[in-house]
Amino acid sequence: MKNGTGDLALFGGSPAFLQNRRVGRPNQGDRERFLERMTRVLDNEWLSNMGPLMYEFETRVAELAGVRHCVSLCNATVALQMLVGDTATGGEPGDEVIIPALTFPATAHAVRWRGLRPVVCDVDPVTGLIDPDLVEALITPRTRAVIGVHLWGQACDVRRLEKITESNGLRLYFDAAPALGCTYGSTPIGGLGHAEVFSFHATKVVNSFEGGAIVTDDDALAERMRAVRNFGFGQDGLVEEVGTNGKLNEAAAAMGLTSLDALEDTIAHNRANYETYRAALSGIPGVRPVEYDERHRNSHHYMMITVDRAVAGLHRDLLLDVLRAENILAQPYFPQAMHQLAPYAADSPGPLPHAESLCEQLLALPTGPGVSAADVGIISDVVRATVAHGQEVTGLWHARPAETAATR
């Protein structure tokens with residue numbers, strides 16, 4: 001129990017944990033089952049190039065996403081690049097794709113890599129999701145597509161975005177990187193818009209070490225994407241278009257299948273942690289757990305809070321320093337909005353107040369199978385004790401020697 005600033009590790013107290021509790025610890029599943037799959041891979045001597053485990057993984061992901069096609073890939077960034085490249089076909093360099101200001105840089109990078117211009121849109125001040133009204137206002141004759149992001153697994157306003165893009169003849173994609181196992185109403189995320197992209201990075205709710213996928217009900221798009229991921233080879237074995245090497249190898253597929261086996265248990269554990277956090281953090285001034293719309297299913301893979309400096313008495317980044325000193329490896333999510341990043345600042349649309357405010361306040365706390373209910377209680381206790389002495393913590397931090405002090 002932390003009772004005062006002297007108990008905080010940042011100021012000389014003992015850390016709350018001897019071993020790190022961190023955001024994004026891999027969900028490994030049953031190690032023996034993974035090793036069985038890897039033995040089969042090695043015995044088959046089929047390590048890559050569209051092996052049987054890759055196709056099994058694709059089948060299971062497509063079933064979970066409620067779609068006809070899953071095109072597995074080496075990572076989600078390549079998946080986005082391939083979709084944007086498909087959109088760019090027949091257009092002009094510098095054509096535009098509208099993206100939200102609150103997303104991982106890969107969303108913008110994929111657009112820029114394919115020679116198109118990412119147009120950054122502000123977000124809803126509560127959910128952090130792309131604002132459809134602002135999307136509509138940003139459409140120009142050069143707009144080719146809109147990419148919505150299901151931030152932390154919460155579904156965008158899909159129907160509004162569909163209506164806007166259909167009426168303007170635009171492609172609609174969703175960066176659903178963290179959203180496998182989540183839904184929009186009763187509809188699984190995966191079959192929305194023209195296509196969606198999942199990530200199976202080690203930090204995601206289902207991981208394949210590193211991996212991604214395009215999921216869609218568009219037969220022709222799926223066929224093109226399968227060719228592009230394999231150097232542009234068509235079904236006749238001849239190169240038909242410019243492609244890349246985006247294949248998912250068999251070791252990654254083995255991990256993905258094993259992680260999929262544990263998905264429902266993982267989601268149940270995450271949900272329990274989320275409810276425990278909500279109760280334990282209740283009533284802390286200036287600290288608000290991000291609430292998800294209960295009409296949609298969430299995997300609760302991310303435990304997000306906002307920290308209001310004016311009410312809590314300290315900046316989010318100072319709370320982050322306090323937590324990390326306790327071996328609680330929380331993460332800001334995201335420290336900068338897209339239009340504030342160096343590659344895109346020169347093309348900034350100007351202030352985007354909602355995204356900028358959220359970037360100053362959002363914090364991801366550790367959760368997942370490696371974090372117990374007891375851990376959640378301890379982490380919440382550190383947050384509560386820190387905020388209870390927020391102004392004192394801020395003062396002590398600024399009183400430290402100049403070489404260690406920061407503008408928290």
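Remember, it's a predicted structure, so these values are computed and weren't measured experimentally.
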Worksheet, complete the sentence: Between Ile267 and Asn298 the two heavy atoms that sit nearest each other are CG2-O, 4.3 Å
Item to complete: Mind running salt bridge (charged side-chain N to carboxylate O under 4.0 Å, His left out) on Glu264 and Arg297 for me, showing each step along the way?
Response: CA-CA 12 Å; Glu264 288 306 315; Arg297 186 195 195 205; 2.7 Å; yes
Worksheet item: Which class fits the ring pair Phe104 and Phe334: parallel under 30°, tilted 30 to 60°, perpendicular over 60°?
Response: tilted
Worksheet entry | Among Leu129, Asp131, Leu358, the one residue meeting side chain to side chain contact (heavy atoms under 4.5 Å, CB included) with Val123 | Leu358
Item to complete: Please work out which of the three classes, parallel, tilted or perpendicular, describes the rings of Phe209 and Phe34, given edges at 30° and 60°.
Response: perpendicular
Discussion item. Is it the case that the side chains of Gln81 and Thr77 hold a donor-acceptor pair, with the cut-off being a distance below 3.5 Å and no angle test?
Written reply: no
Discussion item. Side chain to side chain donor-acceptor pair (under 3.5 Å), that's the test. Do Tyr173 and Thr87 meet it? Break it down for me.
Written reply: CA-CA 10 Å; Tyr173 303 126; Thr87 298; 2.7 Å; yes
Response to the item:
Between the CE atom in Met303 and the CZ atom in Arg278, the distance rounded to the nearest 0.5 Å is 8.5 Å
Discussion item. Is it true that, when you exclude Glu223 itself, more than 12 heavy atoms of the residues, nucleotides or ligands shown sit nearer than 6.0 Å to its CD?
Written reply: no
Item to complete: Could you check if a side-chain atom of Val382 sits within less than 4.5 angstrom of a side-chain atom of Val322, using non-hydrogen atoms only?
Response: yes
Worksheet item: Less than 4.5 Å apart, any side-chain heavy atom of Leu318 and any of Thr386?
Response: no
Worksheet entry | Val307 vs Leu320, side-chain contact (heavy atoms from CB on, under 4.5 Å): CA-CA, chis, key distance, verdict | CA-CA 10 Å; Val307 182; Leu320 178 62; over 6 Å; no
Worksheet entry | Derivation and outcome, side-chain contact (heavy atoms from CB on, under 4.5 Å), residues Phe198 and His150 | CA-CA 10 Å; Phe198 290 133; His150 301 311; over 6 Å; no
Worksheet item: Do Thr394 side-chain atoms and Gly313 backbone N/O form a donor-acceptor pair below 3.5 Å?
Response: yes
Worksheet entry | Any side-chain donor near an acceptor of the partner, His300 and Tyr277, under 3.5 Å | no
Discussion item. Contact between Leu260 and Leu180 at the side-chain level, heavy atoms closer than 4.5 Å - yes or no?
Written reply: yes
Worksheet, complete the sentence: What one should report as the nearest heavy-atom pair of Val120 and Pro349 is O-CG, 3.8 Å
Practice prompt. Please find out if less than 6.0 Å separates the ring center of Tyr344 from that of His109.
Written response: yes
Worksheet, complete the sentence: Between the CG atom in Asp217 and the CD atom in Glu196, the distance rounded to the nearest 0.5 Å is 10.0 Å
Worksheet entry | Euclidean distance, Leu319 CG relative to Leu314 CG, rounded to 0.5 Å | 5.5 Å
Worksheet item: Does Asp218 come within less than 4.0 Å of Arg68, counting only side-chain N to carboxylate O?
Response: no
Worksheet item: So, for Lys2 and Asp381, which heavy atoms are closest and what is the spacing to 0.1 Å?
Response: N-OD2, 3.1 Å
Worksheet, complete the sentence: Between Ala262 and Gly29 the two heavy atoms that sit nearest each other are CB-CA, 4.1 Å
Item to complete: Would you sort out whether Val71 and Val215 count as a side-chain contact (heavy atoms from CB on, under 4.5 Å), showing the intermediate values?
Response: CA-CA 6 Å; Val71 182; Val215 287; over 6 Å; no
Discussion item. Checking Thr258 against Arg37 for the side chain to side chain donor-acceptor pair (under 3.5 Å) test, could you report, in this order, the C-alpha distance in whole Å, the side-chain angles of both residues, the deciding distance, and whether it holds?
Written reply: CA-CA 9 Å; Thr258 306; Arg37 288 182 167 117; 3.0 Å; yes
Item to complete: Report yes or no: do Gln331 and Arg324 form a side-chain donor-acceptor pair below 3.5 Å?
Response: yes
Worksheet item: Hey, are Thr89 and Asp86 close enough side-chain-wise for a donor-acceptor pair under 3.5 Å?
Response: no
Practice prompt. Flag the pair Leu363 / Tyr333 as yes when at least one side-chain heavy-atom distance between them is below 4.5 Å, and no otherwise.
Written response: no
Discussion item. Please give me the minimum heavy-atom distance between Ala213 and Cys70, naming the atom from each residue.
Written reply: CB-SG, 3.8 Å
Discussion item. Would you say Ser259 and Asn27 are linked by a side-chain donor-acceptor pair, where the criterion is simply a distance under 3.5 Å?
Written reply: no
Discussion item. If the test is salt bridge (charged side-chain N to carboxylate O under 4.0 Å, His left out), which one of Arg112, Arg117, Arg142 qualifies with Glu96?
Written reply: Arg117
Worksheet item: Short question: side chain of Asp122, backbone of Ala355 - any donor-acceptor pair under 3.5 Å?
Response: yes
Worksheet item: Hey, are His69 and Asp219 close enough side-chain-wise for a donor-acceptor pair under 3.5 Å?
Response: yes
Item to complete: Not counting sequence neighbours, which residues clear salt bridge (charged side-chain N to carboxylate O under 4.0 Å, His left out) with Asp7? List them please.
Response: none
Worksheet item: When you check the gap from the basic side-chain N to the acidic O, do Arg22 and Glu326 get nearer than 4.0 Å?
Response: no
Practice prompt. Return yes when atom CZ of Arg384 has more than 12 non-hydrogen atoms of other residues, nucleotides or ligands closer than 6.0 Å, and no otherwise.
Written response: yes
Worksheet, complete the sentence: Rounded to the nearest 0.5 angstrom, the OG1-CD distance for Thr5 and Gln391 is 13.0 Å
Practice prompt. Consider only side-chain N and O atoms of Asn245 and Lys247, and report whether a donor and an acceptor are under 3.5 Å apart.
Written response: yes
Discussion item. For Cys121, run the side chain to side chain contact (heavy atoms under 4.5 Å, CB included) check against Leu138, Ile99, Ile147, Val146 and tell me which one passes.
Written reply: Leu138
Item to complete: Assess whether salt bridge (charged side-chain N to carboxylate O under 4.0 Å, His left out) is satisfied between Arg159 and Glu162, documenting all intermediate values.
Response: CA-CA 5 Å; Arg159 297 302 172 230; Glu162 285 179 340; 2.8 Å; yes
Worksheet item: Does the salt bridge (charged side-chain N to carboxylate O under 4.0 Å, His left out) test come out yes or no for Arg288 and Asp308, once each step is laid out?
Response: CA-CA 8 Å; Arg288 179 183 65 84; Asp308 185 337; over 6 Å; no
Worksheet item: Is the centre of the Phe57 ring less than 6.0 Å from the centre of the Phe200 ring?
Response: yes
Worksheet item: Is Ser372 reaching over with its side chain to a backbone N or O of Asp375, donor-acceptor style, under 3.5 angstrom?
Response: yes
Practice prompt. Would you give the length of the straight line joining atom CG of Leu323 to atom CD1 of Ile328, rounded to the nearest 0.5 angstrom?
Written response: 5.0 Å
Fill in: Phe11 side chain reached by Val393 side chain, heavy atoms, under 4.5 Å
yes
Discussion item. What verdict does the side-chain contact (heavy atoms from CB on, under 4.5 Å) test give for Val135 and Ile130, after you've listed the backbone C-alpha separation in whole Å, the side-chain angles of each residue and the deciding distance to 0.1 Å?
Written reply: CA-CA 8 Å; Val135 167; Ile130 194 167; 3.5 Å; yes
Discussion item. Once side chain to side chain donor-acceptor pair (under 3.5 Å) is applied, do any residues pair with Arg316, and if so which ones, sequence neighbours excluded?
Written reply: none
Worksheet entry | Residues Arg40, Glu36; criterion salt bridge (charged side-chain N to carboxylate O under 4.0 Å, His left out); working and verdict | CA-CA 6 Å; Arg40 192 196 325 167; Glu36 288 173 9; over 6 Å; no
Worksheet entry | Nearest-0.5 Å distance that lies between atom SG in Cys359 and atom CG in Leu102 | 5.0 Å
Fill in: Residues Thr203 and His201: side-chain donor-acceptor under 3.5 angstrom
yes
